[in-house]
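Chain letters run A, B, ... following the sequence lines, proteins first and then strands; every chain starts at 1.
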Amino acid sequence: MKKVFIAITLFVLAVTAAAIFLMPNQQDQNKVDKLREKYSTKTKSSVDHSKFETLKKDFNTPQEVTAACNTCHTDRHTEVMNSSHWNWERQEYVKGRGIISIGKKNAINNFCIGVEGNEQSCAKCHIGFGMTDKTFTFTDQNNVDCLVCHDNTETYAKGNEMSGYPDPKLHLSNIAQHVGKPKRTNCGVCHFFGGGGNNVKHGDLEKSMFEPKKIVDVHMGTDGKNLQCVDCHTAEKHNILGKVYSLSSMNRDRSTCEQCHTESPHKSSVLNEHNVKVACQTCHIPVYAKVNSTKMEWDWSTAGKLKDGKPYEEDDADGNHTYLSIKGSFKWGKNLKPEYVWFNGNAQHYLLGDTISDTTKPLVLNKLLGSYNDRDSKIIPVKIHRAKQPYDPVNKMLIQPKLFASKTGEGALWKDFDWQRASEVGMKDVDLPFSGQIAFIRTEMYWPINHMVSQKDSTLKCIDCHTRTDSRIANLKDFYMPGRDYNKIVDYTGTGIILVTFLGIAIHGTLRFRSSKKRNIKK
Amino acid sequence: MSKNVLIYKSFERFWHWMQALLIFFLAATGFEIHGTYTFFGFENAVTYHNIAAYGFMILIVFAVFWHFTTGEWRQYIPTLEHIRAQLNYYLFGIFKNAHHPTKKTVLSKLNPLQKLTYFGLKMLVIPIMVISGLLYMFYRYPQNQGVESINIDSLEIVGVLHTAGAIMLVAFLITHLYLITTGETPTSNLKAMLTGYEELEGEEETAVENSETLNSKI
């Protein structure tokens with residue numbers, strides 16, 4: 001018996017040692033605690049702009065405000081003028097194309113399609129003044145709009161269809177005296193309303209994020225740490241981290257979860273290992289569009305219908321437009337499960353003038369690159385916006401129509417409701433050929449979901465992916481995942497072997513039982 | 001002429017039952033991870049499976065040590081001798097109340113079919129399970145710094161081998177449970193594995209003799 005005791009003791013000791021070895025490291029918890037501490041103290045501005053004489057005068061034009069800013073913040077305007085927010089384009093290397101300039105000027109989307117020809121309206125979200133058309137010069141430093149980002153009064157607003165000029169009724173002097181670090185409102189006025197309405201584009205960035213609760217976004221929750229956009233999207237010389245892949249192509253200047261949370265934020269090493277192939281967002285953003293709907297489908301082909309010669313709109317119960325004569329039909333979604341793709345930080349875009357090689361399949365306007373075998377790829381959540389938009393079936397090119405004009409007769413679709421004319425004028429504006437024929441092609445745009453991070457207890461569970469039925473990543477078939485995948489031959493043969501074993505035992509056992517009974521009778 | 005002989009020593013019994021328990025538990029958690037059913041919940045199943053796997057490997061280390069220090073490993077050297085007779089017994093003789101064709105002694109307590117099966121388990125199935133299991137635990141994707149030599153690009157081979165081995169073990173377990181009942185009496189094998197003692201025919205002298213031979217061999 002002594003030996004048994006020794007053996008059991010040793011075994012128990014060994015198992016305990018292994019368990020301690022595998023136990024979570026308590027230090028890891030401190031990482032989040034340290035972050036919580038760091039962001040609990042809000043920084044206060046070291047200067048009071050309302051005390052500066054230069055800002056107390058009456059400004060006649062917004063350019064005068066910019067000039068006033070520049071008297072102290074000398075040369076800051078050059079930083080802004082080097083940024084994408086100003087240029088609306090960036091130099092990037094794209095495989096197969098070389099170094100190209102890509103941005104709102106030449107990329108096509110499947111919302112309002114493109115900026116070219118429609119600047120006067122689109123420039124409401126340009127951080128400059130006076131971008132009326134493509135002749136806008138990007139060299140006048142006084143046209144930099146400092147206030148749109150730095151206004152802390154929450155009153156500054158650019159006017160509709162005013163080429164980026166502010167609403168003339170604004171009290172510019174008061175605003176100029178109350179400037180500071182950008183807040184969610186500064187970023188949100190443009191980034192929440194891209195595509196012509198709240199949450200049209202992103203799905204995870206919308207007006208509820210001005211004052212969200214933790215349940216909507218654990219970082220920005222006003223009942224939590226109340227982070228501002230710029231706490232994560234940090235900037236060096238006005239070059240702000242973070243990419244929107246509707247326009248960006250290269251894996252650089254990205255704002256990541258890891259920059260605060262490190263690559264091994266979990267207690268469990270199994271979970272930390274997932275970070276090699278799975279982006280944080282995949283598990284931590286189980287649903288998006290939590291508060292308001294986001295646009296999921298846009299059918300341009302139905303645009304232009306009129307009632308009594310007048311454009312009209314139809315709305316759903318939540319007040320979302322389902323039809324607009326100027327834009328066509330829409331489908332919206334709320335509380336959505338993202339779709340999932342491999343992504344290595346690089347994307348390829350359809351650019352103005354590109355030939356469409358296959359018009360039978362949906363054309364992906366911003367293809368996110370990546371695969372399981374690519375070492376830089378991770379699984380990320382995305383919103384896929386699907387649309388039907390005009391293209392020229394002869395030249396096999398997407399059409400950039402003229403959409404906006406302030407009056408009828410200029411060929412703008414939104415005034416004249418004539419696709420033919422709008423396409424002609426639009427394509428001429430961008431110096432591209434137009435055959436005169438218009439057809440509609442299905443297109444897709446991929447929007448990585450990065451915000452609306454859920455609280456710890458509502459993250460995805462293992463079983464949401466590691467399951468044979470309804471796995472979140474059932475569409476990513478280029479790798480073997482335990483719980484989801486199995487080898488058919490092994491599983492079917494194995495089941496067969498086990499069934500045959502049971503059957504054999506049943507037969508053998510029955511025969512034995514019978515023969516022993518016989519013998520007992522004989523006896 | 002039969003005598004109650006200690007046929008399974010205390011460590012051997014401890015090892016056997018511990019192994020039985022662990023294999024059963026590993027199979028229960030493992031097939032949940034495989035997606036066959038849901039019971040513990042995937043996350044728990046993974047945690048339990050890993051802990052049990054460590055237990056199993058530690059047990060293996062002890063068992064290997066015991067087998068070599070006692071010389072008991074010789075029990076498992078497979079032989080083709082009498083294998084036909086043993087097969088005939090299970091297929092035909094057993095129904096006619098025939099005698100076991102091979103005599104169970106302390107020196108040779110396994111019949112030829114057992115020797116072959118257990119040898120296969122110990123030399124093939126268990127090593128496959130341990131190696132593929134360790135790879136499952138410690139593989140690193142190439143881009144993660146770790147032990148470079150166990151970098152793998154795909155879990156597929158590891159996963160499929162581990163599953164195939166598990167199925168073999170389950171099939172073995174089922175058959176093994178049934179064959180317990182085929183001893184001299186339906187319960188004599190089970191009793192022997194629980195108490196260590198079994199009534200063996202003409203064992204008195206040979207038992208002593210055999211243990212001496214064993215000792216002299218070590």
Side-chain angles (χ1 to χ4, degrees), chain A residues 1-4 6-8 10-11 13-15 17-19 21-22 263 268 270 272-273 275-277 372-373 375-376 461-469 479-487 489-491 493-495 497-498 500-502 504-506 508-509 511-512 514-516 518-519, chain B residues 9-11 13-15 18 32-36 38 41-47 50-51 54-55 57-59 61-62 66 90-91 94-97 136-137 139-144 146 153-164 166-168 170-172 174-175 177-179 181-182:
Chain A
M1 278 315 269
K2 220 172 152 191
K3 279 185 197 161
V4 184
I6 294 170
I8 292 173
L10 280 176
F11 185 72
L13 277 176
V15 170
F21 175 69
L22 293 171
E263 283 180 351
S268 148
V270 178
N272 284 334
E273 179 70 10
N275 189 242
V276 177
K277 291 285 184 192
Y372 173 80
N373 288 318
R375 294 183 176 192
D376 298 322
K461 303 283 175 284
C462 309
I463 198 73
D464 288 312
C465 293
H466 292 275
T467 173
R468 291 189 185 182
T469 46
F479 68 105
Y480 180 93
M481 182 169 71
R484 181 192 69 169
D485 298 324
Y486 55 95
N487 182 300
I489 298 171
V490 168
D491 265 43
T493 319
T495 315
I497 289 174
I498 285 165
V500 167
T501 309
F502 274 120
I505 288 171
H508 200 270
L511 287 176
R512 263 176 71 207
R514 276 209 196 148
S515 65
S516 75
K518 264 188 209 163
R519 277 198 301 276
Chain B
K9 295 183 189 77
S10 49
F11 175 79
R13 279 176 284 143
F14 164 75
W15 162 61
M18 205 43 120
E32 173 158 13
I33 297 167
H34 188 54
T36 312
T38 311
F42 190 91
E43 191 168 1
N44 289 334
V46 172
T47 314
N50 284 351
I51 292 170
Y54 277 106
M57 286 187 289
I58 292 162
L59 187 66
V61 172
F62 278 87
W66 180 83
Y90 282 126
L91 290 176
I94 195 167
F95 306 121
K96 296 170 190 156
N97 205 20
Y136 238 127
M137 280 185 191
Y139 77 90
R140 286 289 175 268
Y141 284 113
Q143 59 271 57
N144 211 15
D153 273 320
S154 167
L155 260 181
E156 181 147 26
I157 296 167
V158 177
V160 169
L161 272 179
H162 206 70
T163 313
I167 292 169
M168 299 304 287
V170 169
F172 164 78
I174 296 164
T175 319
L177 284 171
Y178 173 67
L179 288 176
T181 64
T182 63

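A:Thr501 contributes atom OG1, which lies 12.0 Å from atom CG of B:Leu177 (distance to the nearest 0.5 angstrom). Note that the CG atom of B:Leu161 and the CG atom of A:Asn487 stand 10.0 Å from one another [nearest 0.5 Å]. To the nearest 0.5 Å, atoms CG (B:Leu155) and CE (A:Met481) are separated by 11.0 Å.
When heavy atoms are compared at a cutoff of 4.5 Å, A:Ile497 approaches chain B solely by way of its side chain, counted from C-beta outward. Heavy-atom distances place no part of B:Leu179 under 4.5 Å from chain A, backbone and side chain included. No part of B:Thr47 comes within reach of chain A, as not one of its non-hydrogen atoms sits under 4.5 angstrom from that chain. Within the 4.5 angstrom heavy-atom criterion, atoms from both the backbone and the side chain of B:Phe95 approach chain A.
More than 12 heavy-atom neighbours from other residues, nucleotides or ligands sit within 6.0 angstrom of CG on A:Leu511.
Scanning both residues, A:Tyr480 and B:Thr163, for their nearest heavy atoms gives OH-OG1, 4.2 Å.
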Given side-chain hydrogen bond (donor to acceptor under 3.5 Å, both in side chains), test B:Thr182 with A:Arg512 step by step and report yes or no.
CA-CA 10 Å; B:Thr182 63; A:Arg512 263 176 71 207; 5.7 Å; no
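Interface check for chain A: of the options B:Glu43, B:Glu156, B:His34, the most heavy-atom pairs under 4.5 Å are formed by B:His34.
Taking the side chain to side chain contact (heavy atoms under 4.5 Å, CB included) definition, one finds that A:Ile463 meets it with A:Lys461, A:Thr467, B:Phe42, sequence neighbours left out.
At a threshold of 4.5 Å between non-hydrogen side-chain atoms, the residues A:Ile498 and B:Val170 count as touching.
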